[in-house]
Amino acid sequence: MDLKLNGKVAVITGGGTGIGKTVAGQLLLEGAEVVICGRRMEVLAAAEKELKAKTGRSVLPIVADTTNWASIEALVAQTVARFGRLDIMINSAAAPSGAVRSDLALASDEALLHDINTKVVGYFRCSKAAAPHMRSRKWGRIIHIGGLTARSTEALSGMRNAAIVHMTKTMSDQLGPDGITVNVIHPGITATEHILEMYEELGRKKGITRDEMMAPDIADTPIRRLLEPEEIGHTILFLCSPLADAVTGESIAVDGGYTRGIYM
């Protein structure tokens, strides 16, 4: 299927690792121009080298901090100066699993505010900076990477993901008349570097292997395995495509059936 992404220009925050890096590679293979951003150039440079080797195409790495409006303005300005346009904004920059502890007695207000500033307000900043360029062309895509904790009470940091759902729907109302769609993806337990390292560390504390630590979560997933980052990327690529013009304001779980709730 031709996703009609050839020549589109995409910015991916948190694009140096995990799902963001994987999606960058997939977009490159579809013919898009891609900017990856993050706070550490050494991470971005390593991702740039890896993506070049895998796809034969180059990304543009730009250091940016989603907690700083001037930094995001500069990110968007550099992108437009280089490519002449900005079509797709994929917001993926966040502290994996959240910085705030889930136990109320141990939770820090500073850590909670950091989570919200980085992810919720950070996604807001990136979307606000990108929207005028999309509006000028009467077409655009904004994809937020949320999390399944938006739909459960298992983690206090889930409030950031719930807030992103609300923001997604509100933005879709405002930007829809200009041909811009806004959607949020909630990835399931995905085999990224961070998740595998997390299971390794948790297993070490319990005196068991990583596979033994993962086993209960795998058993609780209908497809009986972790997801691959590419599988999250396939849905994101479709939502980025002109083929998804009619899909906006949606909160979509790509989780192998892990979520048991029913959402009308």
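Atom set for the values below is all heavy atoms of this structure, side chains included, hydrogens, waters and symmetry mates excluded.
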*Evaluate the criterion side chain to side chain contact (heavy atoms under 4.5 Å, CB included) for residue pair Ser127 and Met171; output intermediate values, then yes/no.*
CA-CA 9 Å; Ser127 301; Met171 285 183 178; 3.5 Å; yes
_Worked check of side chain to side chain contact (heavy atoms under 4.5 Å, CB included) between Leu239 and Ile252_ = CA-CA 11 Å; Leu239 292 175; Ile252 302 170; 4.1 Å; yes
*When you look at Ile72 and Cys37, which way does the side chain to side chain contact (heavy atoms under 4.5 Å, CB included) test go after all the steps?*
CA-CA 10 Å; Ile72 297 307; Cys37 81; 5.8 Å; no
*Dump the intermediate steps for side chain to side chain contact (heavy atoms under 4.5 Å, CB included) on Thr17 and Thr192, then the final yes or no.*
CA-CA 8 Å; Thr17 60; Thr192 62; over 6 Å; no
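Side-chain contact between Leu5 and Ile88 is present, with heavy atoms from C-beta onward closer than 4.5 Å. When side chains are defined from C-beta on, Ile232 does not count as touching Thr22, because their heavy atoms never get closer than 4.5 Å. At least one side-chain heavy atom of Met89 sits under 4.5 Å from a side-chain heavy atom of Thr13. You'll find the side chain of Asn91 stays beyond 4.5 Å of the side chain of Ile164, heavy atoms only. Using a 4.5 Å cut-off on side-chain heavy atoms (C-beta onward), Ile116 and Met159 make contact. Looking only at side-chain heavy atoms (C-beta outward), Met198 and Leu202 come within less than 4.5 Å of each other. Side-chain contact between Arg204 and Met213: absent, with no pair of heavy atoms (C-beta onward) separated by less than 4.5 Å. At a threshold of 4.5 Å between non-hydrogen side-chain atoms, the residues Met134 and Arg141 do not count as touching.
Judged by distance alone, with hydrogens and angles left aside, the side-chain atoms of Asp103 form a donor-acceptor pair with the main-chain N or O of Ala105 at under 3.5 Å. Of the possible polar contacts, one joining the Asn183 side chain to the Gly249 backbone as a donor-acceptor pair under 3.5 Å is found. With Glu193 contributing its side chain and Gly18 its backbone, the two residues share a donor-acceptor pair below 3.5 Å. Remark: the backbone N or O of Val182 is paired with a side-chain donor or acceptor of Thr248 at under 3.5 angstrom. A donor-acceptor contact shorter than 3.5 Å is absent between the side chain of Thr79 and the backbone of Ala77. Judged by distance alone, with hydrogens and angles left aside, the side-chain atoms of Arg57 form a donor-acceptor pair with the main-chain N or O of Leu28 at under 3.5 Å. The main-chain N or O of Leu51 is never found under 3.5 Å from a side-chain atom of Lys21 such that the two would form a donor-acceptor pair. A side-chain donor-acceptor contact under 3.5 Å links Asp87 to the backbone of Val9.
Side-chain contact annotation: Asp65 with Thr67, donor-acceptor N/O pair under 3.5 Å present. A donor-acceptor contact under 3.5 angstrom links the side chains of Thr149 and Asn161, judged on distance only. Between the side chains of Arg125 and Asn117, a donor-acceptor pair is found at a separation under 3.5 Å.
When the side chains of ILVMFWY residues are joined at heavy-atom separations under 4.5 Å, either directly or via intervening members, Val23 and Phe238 end up in a single hydrophobic cluster. In the hydrophobic cluster analysis, where Ile, Leu, Val, Met, Phe, Trp and Tyr join through side-chain heavy atoms closer than 4.5 angstrom, Val43 is grouped apart from Val11. One hydrophobic cluster holds both Val34 and Leu3 under the rule that ILVMFWY side chains link at heavy-atom gaps under 4.5 Å. Phe124 is not connected to Trp69 by any chain of hydrophobic side-chain contacts under 4.5 Å among Ile, Leu, Val, Met, Phe, Trp and Tyr, and they are in different clusters. Put simply, Leu29 and Ile90 are part of two different groups of oily side chains (I, L, V, M, F, W, Y) that touch within less than 4.5 Å, one to the next.
Residue-environment remark: CZ (Arg39) stays at or below the threshold of 12 foreign heavy atoms within 6.0 Å. In Glu42, the CD atom is crowded: over 12 heavy atoms of neighbouring residues, nucleotides or ligands sit closer than 6.0 Å.
Note on Lys206 versus Glu212: no salt bridge recorded, every NZ/NE/NH1/NH2 to OD/OE distance being 4.0 Å or above.
Between the CZ atom of Arg225 and the CG atom of Asp217 there is a distance of 15.0 Å, given to the nearest 0.5 Å. Glu250 CD to Ile185 CD1: the interatomic distance, rounded to the nearest 0.5 Å, is 10.0 Å. Taking CG of Asp245 as the start and CG of Leu243 as the end, the distance is 8.0 Å to the nearest 0.5 Å. Between atom OG of residue Ser172 and atom CD1 of residue Ile142 there is a gap of 10.0 Å, rounded to the nearest 0.5 Å. For the atom pair Leu60 CG and Glu48 CD, the distance stands at 8.0 Å (nearest 0.5 Å). Expressed to the nearest 0.5 Å, how far CD1 of Ile195 lies from CD of Glu197 amounts to 10.0 Å.
Considering every non-hydrogen atom in both Ala150 and Val165, the closest pair reads CB-CG2, 4.4 Å. A pairwise comparison of heavy atoms in Ile180 and Ala131 identifies CD1-O, 4.1 Å as the closest pair. Between Gly16 and Ala47 the shortest heavy-atom distance is O-CB, 3.5 Å. Closest approach of Pro222 and Gly256 over heavy atoms only: CD-O, 3.3 Å. Heavy atoms only, all atoms of each residue included: Gly14 and Ala93 are closest at N-CB, 3.7 Å. In this structure, Gly25 and Thr55 approach most closely via the heavy-atom pair O-CG2, 3.7 Å.
For residues 251-262, every residue pair satisfying the side chain to side chain donor-acceptor pair (under 3.5 Å) rule, not counting sequence neighbours, is listed here: Arg151-Ser251, His186-Ser251, Asp255-Thr259. Within the structure, the ring pair (Phe, Tyr, Trp, His ring centres under 6.0 Å) test picks out the following pairs touching residues 133-153 (sequence neighbours left out): Tyr123-His144.
Just one residue in the list Val35, Leu27, Ile36, Leu44 forms a side-chain contact (heavy atoms from CB on, under 4.5 Å) with Val59, and that residue is Ile36.
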